[in-house]
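Below, chains carry the letters A, B, ... as their sequence lines are ordered, and counting in each starts from 1. All values below were derived from every heavy atom in this structure, side-chain atoms included, with hydrogens, water molecules and symmetry-related copies excluded.
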Amino acid sequence: MKTAGQDLKFSELRPGMRARVENYASTGPDTHRFMDLGLVPGAEFEVLREAPFGGPIEICLFGSSLCLRRCEGDCLLVKAINSN
Amino acid sequence: MSKSANPESRPLIALFGSPNSGKTSLFNCLTGGREKVGNYPGVTVEKAVGKISLPSGEVDIVDVPGLYSLRTISHDEEVAKEALLGKSRPDLMIFVLDAVNLERSLFLYSQVAEGDGPVIAALTMTDLAEKEGKTIDTVELSRRVGSPVVPVIAHKKIGVDELIAAAEAQMGEGGPEFDLGYPRIVSDAVADLSIDPAMPDIEPEEIRAQLLEDDAEGSPEWKAALAKARDELFASGIQAKTLDTQTRYAWASSCVKACVETKGQLDKTRSQKLDEILTHKVWGLGVFLAIMYAGFYSIYALAIPLMDLIEAAVGAAGSFVSPLITYNDALRSLVVDGVIGGVGAALVFLPQILILFVFIGILEGTGYLARASFMMDKLLGWCGLNGRAFIPLLSSFACAVPGIMAARVMPEPKARLATIMVAPLMSCSARLPVYVLLIGAIIEPKFGTGWAAFALFAMHFVGLIFAVPVAWILSRKILKGRRVPFTLELPRIQLPKWRDIWVLVMTRGRIFLKTAGTIIFFMSIAIWWLSYFPRSVEATQAYELEYSQMPYVEGETIGFDAYVERRQSEESYLGRLGKGLEPVFKPAGFDWRITTAILAAFPAREVVVSAMGILFSHGPDEAEDSQTLRDAIANATWPDGKPLLNIWNAMGLMVFFALCAQCMATLATIKREAGSWQWAGAAFAYMTLLAYICAVFLNKVGAAFG
Ligand SMILES: Nc1nc2c(ncn2[C@@H]2O[C@H](COP(=O)(O)OP(=O)(O)O)[C@@H](O)[C@H]2O)c(=O)[nH]1
């Protein structure tokens, strides 16, 4: 079980977990787009659900939804935070 | 109204906002749905322009494509940036703030509103925010963002008058003032840089942007000064690269905290509860299949009778006009077969397009479209497309024209272009007559009904099988441009707004008739001309003489009119072209008759059935399930007496029609949607080549094993 405070890859997140963006593994257009959508270092979000067939992951950020592909999301370095 | 940036013309208002913020609804409401849709020069992005009347006179309003950031990644965003900073700057900006996505909206606002032009903010989706227990203090918000904030609900026409009044009042004012609150160390660095001798003549905001974004322009000394300042920031623990975005989001969050009040801890909203089913791994797929089936079934069920009606009306118009033109056979044929037939050829697409866009409008308006894309992304993603390609590709099984138009739901330029290029490979309903004719003539008599049905089923997958590698090659190897990561927001689920759907459907229908429709019309006339001329009284008399001298054979000799018609089409330019091109198609096992039928079917595949009807001599009114035509094709021979079609080259012919781009409407639509004839030409070239190679391959296999 992943516990709070652990560094994770985006694709390792599971529905119901809360996480915080720590930093980016690389910079480029991908990271720019994600930051523009609000995934800036320090932003906290909750994982809502996964699409079928291992598709995108939907997260809740600022009270609204955002879906990212697992592989593309992996440029985000995230930390699990208390998932009460 | 004070000075205008466009002294010659009317003042210009530009509508900015992020995708899904309600921008289009507001635009439709302000302009009353009467917009002009064109293209931005050089790009595929559509430009919608309308007029609104302010108390002081009419002004133009342009709907700028939705964007997430001024840091441009996509075409749309470049267009938006150009609209903001390019030559024809707006005299006023209306910025759409989405109440349920306020942080994201404010982030974009902080970039867009930084200039010195006047801005007003339209706050949309307040009704949704209220349902979620949020109230927004617009007075405080407008103080913080430095420009008037007017709540609007476009589909209920709430707040529109206030918005227009605010626009009138704000014209000619200066830009909004707001303090993003950059860390002290950054402002100090900017202050230092602004007295640097190497500084080009720019504003402090521009210095800050260059410092943080690492895209300096200017002398080497200036770049060196910026680099040095950046290093100093880094040394004090600040990451210049993320700082700008972080600061803006921090500002946005502080605005939201100060202006939005949420009542207590809320239960899950209806939208969230629905989502648990709609995007569930098992139930969600079930619902998805049910919705798609219902949607496409109704498109089919509703469009077919309407298409039949249009065809009947065109036929009736032809028979009505035909006897009125007695003095000139060529003119009569031009009017009846060329003009009226051409109008019919274009109009017949309209029902499918309109109904498909009603369906898409409902999916979009309820928010389900995004859910479908979410669930389908993995299936489509690995060949370089993404979940949003689903609707365009599925629609293309009915008809590629609305399918390609539906690719408009994809904001990623590369994936959209790849989708447009493979959509015509999907087996559309116009291929059906060809399959039915050939399966009925060649496969069914030999192998029975079971295999015939299987062949028909299998033919629908031929294009799909080729679409996957084509999409992969296009998006991985050929299409240039930055790859945009796939991001998708699932908007709140709600009832669709019928007015927006109406505007969408009407706009798409009009665009189709104006662009594809006219091209289809003229192509139909061109093909009519090629297959009608040359024609002379002497030649016709010669055919009549030939007929009278032929020995009569029971069961083989055809009617007099059919014979003359066959000879006429044989001797037409098109027939001669078919004969001339026979060597090209010989490797595929096609003779000049099939070649001519393929050429005649250039504007539309289904024409091949009537063309074969003429060339195999049973008159043009043969249906694909007519037994006489089937027999004629099954019994047709080469001059040396060998049967013309065997199972292999008959399959080759079907596969040829499955893969070729014999559809002028599709090519014209690609031209419009992809922005240039080059793409239409490329689609035609690769599909024809693919079709030809496969047909030749099957024929050679047949020759080897047959
Ligand atoms: N409830 C509600 N829905 C809205 C409002 N404005 C727009 N919508 C709906 O939100 C969806 C997205 O709006 P649209 O205008 O297409 O957004 P755009 O992508 O910014 O052009 C559509 O289904 C609209 O009908 C609003 O103020 N309230």
Side-chain angles (χ1 to χ4, degrees), chain A residues 9-11 13-16 18-79 84, chain B residues 18 67-71 73-74 98 100-104 107-108 111 129 132 134 239 241-250 252-253 256 260 262 271-272 275-276 279-282 284-285 288 370-371 373-379 381 386-387 482-492:
Chain A
K9 276 163 71 174
F10 182 79
S11 55
L13 293 169
R14 291 291 165 261
R18 285 187 63 79
R20 181 171 58 233
V21 181
E22 291 294 307
N23 210 335
Y24 279 85
S26 59
T27 50
D30 282 24
T31 59
H32 284 158
R33 172 49 54 90
F34 294 152
M35 284 206 295
D36 291 341
L37 287 166
L39 286 164
V40 289
E44 293 182 3
F45 61 89
E46 186 186 339
V47 182
L48 293 180
R49 56 180 68 84
E50 302 166 303
F53 319 115
I57 297 178
E58 186 192 2
I59 62 172
C60 175
L61 177 71
F62 308 130
S64 53
S65 110
L66 180 64
C67 311
L68 310 182
R69 286 180 177 164
R70 288 155 202 272
C71 51
E72 291 174 343
D74 270 344
C75 65
L76 286 166
L77 302 175
V78 297
K79 203 187 243 340
N84 45 59
Chain B
S18 32
L67 75 168
Y68 290 115
S69 160
L70 276 189
R71 184 155 51 190
I73 298 186
S74 71
D98 174 354
V100 294
N101 255 318
L102 205 49
E103 275 93 348
R104 228 169 262 159
F107 165 75
L108 180 64
Q111 293 183 325
E132 292 171 14
K134 291 179 189 156
Q239 283 201 325
K241 281 221 183 289
T242 57
L243 180 74
D244 184 65
T245 314
Q246 263 176 305
T247 308
R248 288 172 196 275
Y249 262 106
S253 293
V256 171
V260 181
T262 310
S271 170
Q272 282 166 334
D275 249 346
E276 279 171 16
T279 55
H280 188 273
K281 279 185 185 170
V282 180
L285 283 178
F288 171 79
R371 271 113 189 134
S373 308
F374 174 66
M375 285 189 290
M376 288 298 117
D377 184 58
K378 192 68 188 180
L379 288 185
N386 64 47
R482 258 177 292 181
R483 203 175 52 85
V484 183
F486 178 70
T487 56
L488 181 71
E489 292 162 78
L490 306 188
R492 311 296 197 267

Report yes if some heavy atom in the side chain of A/Leu68 is under 4.5 Å from a heavy atom in the side chain of B/Thr487; otherwise report no. yes
For B/Arg492, is it the side chain, the backbone, both, or neither that has a heavy atom closer than 4.5 Å to a heavy atom of chain A? side chain
Is it true that B/Asp98 and B/Arg104 make a salt bridge, defined as a side-chain N closer than 4.0 Å to a carboxylate O? no
Heavy-atom pair count under 4.5 Å with chain B, highest-scoring of A/Leu66, A/Asn23, A/Leu37, A/Leu48: A/Leu37
For B/Phe107, is it the side chain, the backbone, both, or neither that has a heavy atom closer than 4.5 Å to a heavy atom of chain A? side chain
Below 4.0 angstrom, N of the basic side chain to O of the carboxylate: do A/Arg70 and A/Asp74 qualify? no
Any heavy-atom pair between the side chains of B/Leu102 and B/Lys134 that's under 4.5 Å? no
Is B/Leu488 close to chain A through its backbone or its side chain, or both, or neither, when contacts mean heavy atoms under 4.5 Å? both
Sort B/Tyr249 into side chain, backbone, both or neither according to what part of it lies under 4.5 angstrom from a heavy atom of chain A. side chain
Is there a donor-acceptor pair closer than 3.5 Å between any side-chain N or O of A/Glu44 and the backbone N or O of A/Arg18? no
Residue part contacting chain B, namely of A/Leu61, when any heavy atom lies under 4.5 Å: both
Under a 4.5 Å heavy-atom cutoff, which of B/Met376, B/Gln246, B/Glu489 has the most pairs with chain A? B/Gln246
Applying a strict 4.5 Å limit to non-hydrogen atoms, the region of A/Ile59 in contact with chain B is neither
Let me know if B/Ser373 has heavy atoms under 4.5 Å from chain A in its side chain, its backbone, both or neither. neither
For side chain to side chain contact (heavy atoms under 4.5 Å, CB included), just list the numbers for A/Phe62 and B/Ser253, CA-CA rounded to whole Å, side-chain angles, deciding distance to a tenth of an Å, and then say yes or no. CA-CA 9 Å; A/Phe62 308 130; B/Ser253 293; 4.2 Å; yes
Would the distance check show the side chain of A/Glu72 and the main-chain N or O of B/Pro485 forming a donor-acceptor pair, the cut-off being under 3.5 Å? no
